[in-house]
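One structure below.
When reading the values below, keep in mind they use all heavy atoms of this one structure, side chains included, and skip hydrogens, waters and symmetry mates. For clarity, every value in this text was computed on a predicted model and none was experimentally measured.
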Amino acid sequence: MNARAHELKVREVISETADAVSLIFDIPTDLTGRFTYAPGQYLTLRVPSERTGSVARCYSLSSSPDGDERPTVTVKRTPGGYGSNWLCDNVSAGDVLTVLEPAGNFTPRSWNRDLLLCAAGSGITPIMSILKSALRLGRGDIAVLYANRDRPSIIFATQLQELVRRYPRRLTVVHWLESERGLPTARGIAGLARPYRRNDVYLCGPAGFASTVKQGLGQLRVSERSIHEEKYRSLTDNPFEHATIAHPDPVGPVPVASAESAIVTVDIDGETHTLPWPRTKKLLDVLLDHGIDAPYVCRESACATCICSVKQGRTRMLMNESLIEEELAQGLTLACQTLPESDSLHISFDQ
Ligand SMILES: Cc1cc2nc3c(=O)[nH]c(=O)nc-3n(C[C@H](O)[C@H](O)[C@H](O)COP(=O)(O)OP(=O)(O)OC[C@H]3O[C@@H](n4cnc5c(N)ncnc54)[C@H](O)[C@@H]3O)c2cc1C
């Protein structure tokens, strides 16, 4: 079992719409630090399965750490989907679920900037968390552009209305309902987003919606760099079924670089390890092989849980679905996709 997995009791289940529920978790006092989260992050839930033992599914936190007492995720049924329907049908207050610690980097760097938050359907979940924190902590103006099938399918409709009432000068919420206007179009989005085109954009929704929003914003000459996107998908890997303890670090002579391996010094959880890093092996695999409890969820570059910083040496990533240019320029990388290019490297997982 993944060392970052914990058993959490579901305190309450709230039915948000006909096909979405929120699960509110109780966090025991000894896990409070482990479940401290940033707005926009997500939890990974273990969903039992008779077929495979379990599947792992990520759900963004819809609660805000700046005001909501307990972490809450909101799950919308995916038609024909296994995990989301299991959670909607089976979880009741008092049940215990196995959950990984919060992860993800879909979080604004500053709370005082003007924001354009774009969501469709269950994509509202991380947007809601960001919105509540930005209103409480920041001074910027915020526009929410929110697409749904029809009025009854709007998750958090009442909460959004209440926020507009409380922050009338800072918050504007624009709904796009397919029942009234058809599917969102790039031109329609551009029309609605025009007043907010200089805001930082946070976007979450199905692929078709995300691409329409990006096209619409492109028509307004919004640079791709100011668009931050959270992509939903189901994990194919299962972090709950991997043991992290493999072969503990042997105590021996300090390794030296060779044609086959570079040498890497890794700072993680306040400890420092020096290891050979085979040139064709990804950093996360090297760490797990040595019994080092490196953080990870998807192992496919999508979740950014294994984010770390290259302090010395050159590396390259095989795939990158999470980090934007600015983060790459700061030396950030994803351990699950990183190979060494230099002989000697220093990587840090610690802030
Ligand atoms: C960072 C992130 C945040 C997310 N946040 C949210 C959120 O806030 N809210 C939300 O609703 N969604 C969210 N998602 C999406 C969510 O993780 C799931 O992808 C979504 O709920 C669909 O999962 P599903 O299992 O229902 O559907 P699918 O993944 O489409 O289910 C089908 C899959 O399950 C397998 N399967 C079918 N039956 C079984 C069985 N009996 N045993 C084992 N496997 C089986 C099939 O082989 C198939 O691969 C997020 C995703 C990511 C990556």
Are [X] and [Y] packed together at the side-chain level, in the sense that at least one heavy-atom pair is separated by less than 4.5 angstrom?
{"X": "Val99", "Y": "Phe25", "result": "yes"}
{"X": "Ile24", "Y": "Ile14", "result": "yes"}
{"X": "Val75", "Y": "Arg57", "result": "no"}
{"X": "Glu224", "Y": "Glu325", "result": "no"}

Any side-chain donor near an acceptor of the partner, [X] and [Y], under 3.5 Å:
{"X": "Glu300", "Y": "Thr236", "result": "yes"}
{"X": "Tyr37", "Y": "Ser63", "result": "yes"}
{"X": "Asp267", "Y": "His346", "result": "yes"}
{"X": "Ser62", "Y": "Thr74", "result": "yes"}

When you measure from the side chain of [X] to the backbone of [Y], do you find a donor-acceptor pair of N or O atoms at a distance under 3.5 Å?
{"X": "Arg109", "Y": "Thr107", "answer": "yes"}
{"X": "Asp114", "Y": "Arg198", "answer": "no"}
{"X": "Tyr202", "Y": "Glu230", "answer": "no"}
{"X": "Asp68", "Y": "Ser64", "answer": "yes"}
{"X": "Arg170", "Y": "Gly138", "answer": "yes"}
{"X": "Thr125", "Y": "Leu61", "answer": "no"}
{"X": "Ser261", "Y": "Ser258", "answer": "no"}

* **Heavy atoms from other residues, nucleotides or ligands near CZ of Arg139 exceed 12 (cutoff 6.0 Å)** =>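 12 or below, so no.
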